[in-house]
Chemist: 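My structure is below; once you've seen it, I'll send some questions.
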Amino acid sequence: MTVDFLVDWFATIGDFPILAFILAVIISGIPLFLLMALNAMVAVYAERKVSAFMMDRIGPMGQGPGLHAGKWGLLQTVADAIKLLVKEDTIPQKSDKLLFKMAPFIIFIGAFLGLAAVPFSSSLQVADFNVGVFYIIAVGSIGVIGIIMAGWSSNNKWSLYGAMRSAAQIISYEIPAGLSIIVPIMMAGTMNLQTMIQFQSGSIWGILPNWIIFNNPFTFLAFFIFFISAVAETNRTPFDIPEAESELVAGWMTEYSGFRWAVFFLSEYSNMLVVSGLAVAGFLGGWQSPIPGMFDSPGWGLFWFMGKVIFLIFVMMWFRWTFPRLRVDQLMHVCWKVFIPIAMFNIFGVGIWKLIIG
Amino acid sequence: MGVLENKFQDNVVVASLDKLLGWARSTSPWYFQFGLACCAIEMMASAASRHDLERIGMMPRSSPRQADVMIVAGTVTMKMALRVKKLYEQMADPKYVISMGSCATSGGPYWQHGYHVLKGVDLVVPVDVYVPGCPPRPEALIEGLIKLQEKIQTERPLTRDLV
Amino acid sequence: MGVVQGDQMVLNIGPQHPSTHGVLRLEVMTDGEIVSEIKPHLGYLHRCFEKHSENVTYEQVIPFTDRCDYLASMNSNFGYVVAMEELMEIKVPDRVEYIRIIMGELNRVASHLLALGVYGLDIGAFTPFLYMLRDRERILDMFEYTCGARLLYNYMWVGGVSHDLPKDFEKICFGFLDYFEPQIDEYNNLLTYNKIFVERTADVGVIPADVAISYGVSGPNLRGSGVNWDVRKDESYSIYDRFEFDVPVGDGKFGTLGDCFDRYWVRMLEIKESVKIIRQALKDIPSGDVHQALPKKIRPPKGSVYRRTESPRGDLGYYIISDGSPVPSRVKMRSPAFTALSCLDEVSKGWMISDVIAILGSLDIVLGEIDR
Amino acid sequence: MTIEEIKITLTNKFSGSIIENEELSDKQIEVEGSKWLEIATFMRDDPNLSFDQLECITGVDTGEDATLQSRYNLHSMEYRHKVEVVINHDKKNPKVPSIEQVWRIGDWFERETYDMFGISYEGHRDLRRILCPDDWEGWPLRKDYEGQESYHGIVVPKIKEEDEWE
């Protein structure tokens, strides 16, 4: 279900192209927003449970007086969301009020737009661009503007530190991420995510599915560089220096409360979804089944895609609760002196591999 | 919340909304990660594996803006009292305070000769629940938190005071 | 184009901050992320321990010593009673000495576990903290079984201890040690040998030995700098001379001698040594009455005593002046964390804010003891 | 080195400044306040004494006879010997040279003693209160200290003096 499909369908009813376009966008935007909210709720719950199990705890169990958060604390994030929604919205007196209010929405827009191009299955994609990869990378950087706005306008030194670290980090790590995603583009010869996924059908080496990650050693390496850079771009441990709790209190979110803060949370988790989606589409065969030729109807496609994405998100959570945090200069060192040379090398390698082997 | 608070007459819709809000607030009281003295260690112990405050929906936040419950865990000194007050003022409504341990409640063992000890944190911030003990066991703290949740559930945030 | 001027920024860490280990305030002068000067402001937990001591009787001081170093109350008690016994020239029964050493070393393990765990938390690793707290909880259970309290025990009295060891304590304690020793490897695998952890701590915050001595840094922090100084060995008190144990000294395992990693590593090794001592003490603990030598009335002769003991944080000294009455004339506590903190400014110059947090964490301070 | 040898070494070097005091125990040496900085430097630098560690500074209010004391516990890491130095101050105007630059830890110990007793350490580069707030009144550990009635608007409740403990 894409926007184009809806526009075409409206065209069969009558001739009102502008209105049809707006309607199509709204109709496909609402489920996307619901998906985003649902994703955040489920992911927060999952994160709390996963972290709890890793730490020998049990996490939210819905215990307490009266009707509490349901069985196993399933309603915990619902309660959190309602509470945050009605919590007082504090705006510091000495902050830049306009920027302070705007920042969460800029970050939200960045996360939301990225979601539009994620190919959930062969037919379920809001907008099937022919430059989908490029689009996701591009709108992914909008968030950093919001982060700097939030950090600067809060008029709080912790926020400023967090924002500056975040900007430096996201901009740096976009380079290895971008260089690594060139590898699947070179392999598939397209920037269109659907075509890229279709390229990955069938099997390779006899047993493995023909996913780009398994295609040759350079793509294998490129996947890991992309994934680690993606973790860094979403500001998660071991790269969570912008909101490093033990150093910067809460980083650029220090002054935010209530709903505006919840929007940050929402965006963080949907960013995780977007980068995992891109990694899955680019390297892990998107909605292709891991057993070539079996379970590859569109319904199964959604299942495989979400399954892979959830696995990657789980790996990110696993990182977060296992690793310590890097320091700013070490972070930059890893990016500029390790990842970028390897990513460059990968591009050459893939090019030569394609020339020689095909 | 200031826009909506205490603006409505009592009726069925408002009453159920009140209930919903009370449920949500009592189910996710995030506490302010703010330890003062010995009791802070017991607070950490109650958040750790064996007692696990997250069972009842408590999550630590280190910024006062995002926290709902301030657990004053330990002795408040004169030098700290002004900071405690400031931190309380920085928290967003609705906010609750738990006075953990006898030091925070009344000065505890430092009551008589502690020239620099504040004799009870309620001299600077309003307290909802007092947890006695020196230091209170994690079970006692959890009991205090559940008492606080019960208190939050009986609140009627939307209903106008008819007095 | 004008000249770009970079002014220094004053950053205020604390009193409420997740990694100041309590209520410490650091006024940090920074240039970007680089720290040029740190002014620690103490006293947010100044609870007037010394004033109280002058107003209560000698035995009533003990609960207040508990509350000074609340992570190692047994060791705080231990230091006070050792000083008092030296002042009053009391000889305590052997069983009491053994019990005290078992309790003191168990508490050292508990304190180091928390210190290491919180250090992991400062660096950003959450899980090791909870694993260590989980095992610490078992030690607290044993304390609770012995004297009824989890954190502040008031267990050691002048001339004895408040309760004898409960039934089957030896069995429980051996059970714990058997469970605990393999856990140390787990911590090492999870945190110590983690590449990121080593990168963050090795070579950071080096305290050279002469600087450490001049600043009065003691305990694991001093040993991390390569100085072999342990009050238990070098100024032996109680019956520590009867046990065999090594004094772990930093050796620059992954970086320079005296860096944060060395201090961390010395603590980890000390846990193993403590376990060794506890095993020996449990094996040959004699039987007897623990209340035998308790004096009826504590009225020390006129005079003064200064006695150091080895608390988990270093040399814990008590200076007690008696004027012959049942109330002490002056009790001064020389707290190891106080001296350790004083070198923070010198050590952290030129490092980044993240490193300041790492250095502060590696010093393992307890604010209750610093501010008293 | 035993305590007698240390005493003899010091007496030979600073003959007039070592005060004989019968009340002190055999581990203690009383010195004259005005010469303290030179004595301290000597004690640290002399290769036979080599007191490289200042363990503790204890302020003492001796009560009625109107004197304050500073007591310094010194220790040598090299020789593992120790000594205690006692300096008497006049209660009306207690002052003594600072040894903050001899042993670096002296900085904070002196600030603490200043905070608690009001003993002024001359030559200290940053002599401020360390535990109490900067605007605190009085010297808390002196025997005649009376607590403040209020601090920044926070009223300190008056506590009834209980009868002596039975």
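Proteins get letters first, then strands, A, B, ... in listed order; numbering begins at 1 in each.
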Chemist: Given heavy-atom pairs under 4.5 angstrom as the criterion, report whether the side chain, backbone, both or neither of D/Asn73 touches chain C.
Modeler: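 Only the side chain of D/Asn73 comes within 4.5 Å of chain C.
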Chemist: Please look at D/Arg129 and chain C and tell me whether the side chain, the backbone, both or neither of the residue comes under 4.5 angstrom of a heavy atom of that chain.
Modeler: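 No part of it gets close to chain C.
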Chemist: At a 4.5 Å cut-off on heavy atoms, which part of C/Ser304 comes close to chain D: side chain, backbone, both, or neither?
Modeler: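 The side chain, not the backbone.
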Chemist: For C/Leu341, which atoms come within 4.5 Å of any heavy atom of chain D: side chain, backbone, both, or neither?
Modeler: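 It is both, since atoms from each part get that close.
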Chemist: Does any backbone or side-chain atom of C/Asp315 lie under 4.5 Å from a heavy atom of chain D? Answer side chain, backbone, both or neither.
Modeler: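 Answer is side chain: those atoms of C/Asp315 sit under 4.5 Å from chain D.
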Chemist: Cation over ring, C/Lys233 on C/Phe245, under 6.0 Å and within 45°?
Modeler: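 Verdict for C/Phe245: a cation-pi partner in C/Lys233.
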Chemist: Return each pair, listed once, that meets side chain to side chain donor-acceptor pair (under 3.5 Å) where at least one residue sits in residues 208-217 of chain C; pairs must be two or more places apart or across chains.
Modeler: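 Passing the test, one end in residues 208-217 of chain C: C/Tyr215-C/Glu346, C/Tyr215-D/Arg104.
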Chemist: Would you say D/Lys82 has more than 12 foreign heavy atoms packed within less than 6.0 Å of its NZ?
Modeler: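 Atom NZ in D/Lys82 is packed in, count exceeds 12.
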Chemist: Can you name the residues that form a side chain to side chain donor-acceptor pair (under 3.5 Å) with D/Arg142, not counting sequence neighbours?
Modeler: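 Residues passing side chain to side chain donor-acceptor pair (under 3.5 Å) with D/Arg142: none at all.
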Chemist: Of the backbone (N, CA, C, O) and the side chain (C-beta and beyond), which part of D/Arg44 lies under 4.5 Å from a heavy atom of chain C, both, or neither?
Modeler: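 For D/Arg44, no heavy atom lies under 4.5 Å from chain C.
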Chemist: With a 4.5 angstrom heavy-atom cut-off, is it the side chain or the backbone of C/Ile321 that approaches chain D, or both, or neither?
Modeler: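 The side chain, not the backbone.
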Chemist: What I want to find out is whether D/Asp115 reaches D/Arg111 closely enough, with some N-O distance under 4.0 Å, to be called a salt bridge.
Modeler: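 D/Arg111 and D/Asp115: not salt-bridged.
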Chemist: Is a side-chain donor or acceptor of D/Asn88 paired with a backbone partner of D/Gln69 at a separation under 3.5 angstrom?
Modeler: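 Judged by distance alone, no pair lies under 3.5 Å.
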Chemist: For each of C/Glu235, C/Lys332, C/Arg372, tally heavy-atom pairs with chain D at distances under 4.5 Å, and name the one with the top tally.
Modeler: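 Highest number of heavy-atom pairs under 4.5 Å: C/Lys332.
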Chemist: Select, from D/Lys143, D/His75, D/Arg128, D/Gln28, the one with the greatest count of heavy-atom pairs under 4.5 Å involving chain C.
Modeler: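 Of D/Lys143, D/His75, D/Arg128, D/Gln28, D/His75 has the most heavy-atom pairs under 4.5 Å with chain C.
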Chemist: Which bit of C/Asn55 is near chain D, if near means a heavy-atom gap under 4.5 Å: side chain, backbone, both or neither?
Modeler: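 For C/Asn55, neither part sits under 4.5 Å from chain D.
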Chemist: Of the backbone (N, CA, C, O) and the side chain (C-beta and beyond), which part of D/Glu112 lies under 4.5 Å from a heavy atom of chain C, both, or neither?
Modeler: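 Just the side chain, heavy atoms under 4.5 Å.
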Chemist: Could you tell me which portion of C/Val211 (side chain, backbone, both or neither) has an atom closer than 4.5 angstrom to a non-hydrogen atom of chain D?
Modeler: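 No part of it gets close to chain D.
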Chemist: Going by the angle between their ring planes, with limits at 30° and 60°, are C/Phe78 and C/Tyr240 parallel, tilted or perpendicular?
Modeler: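 Rings of C/Phe78 and C/Tyr240: tilted, as their planes differ by 30° to 60°.
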Chemist: Any side-chain donor-acceptor pair under 3.5 Å between C/Tyr319 and C/Arg334?
Modeler: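 Looking only at side-chain atoms, C/Arg334 and C/Tyr319 do not form any donor-acceptor pair under 3.5 Å.
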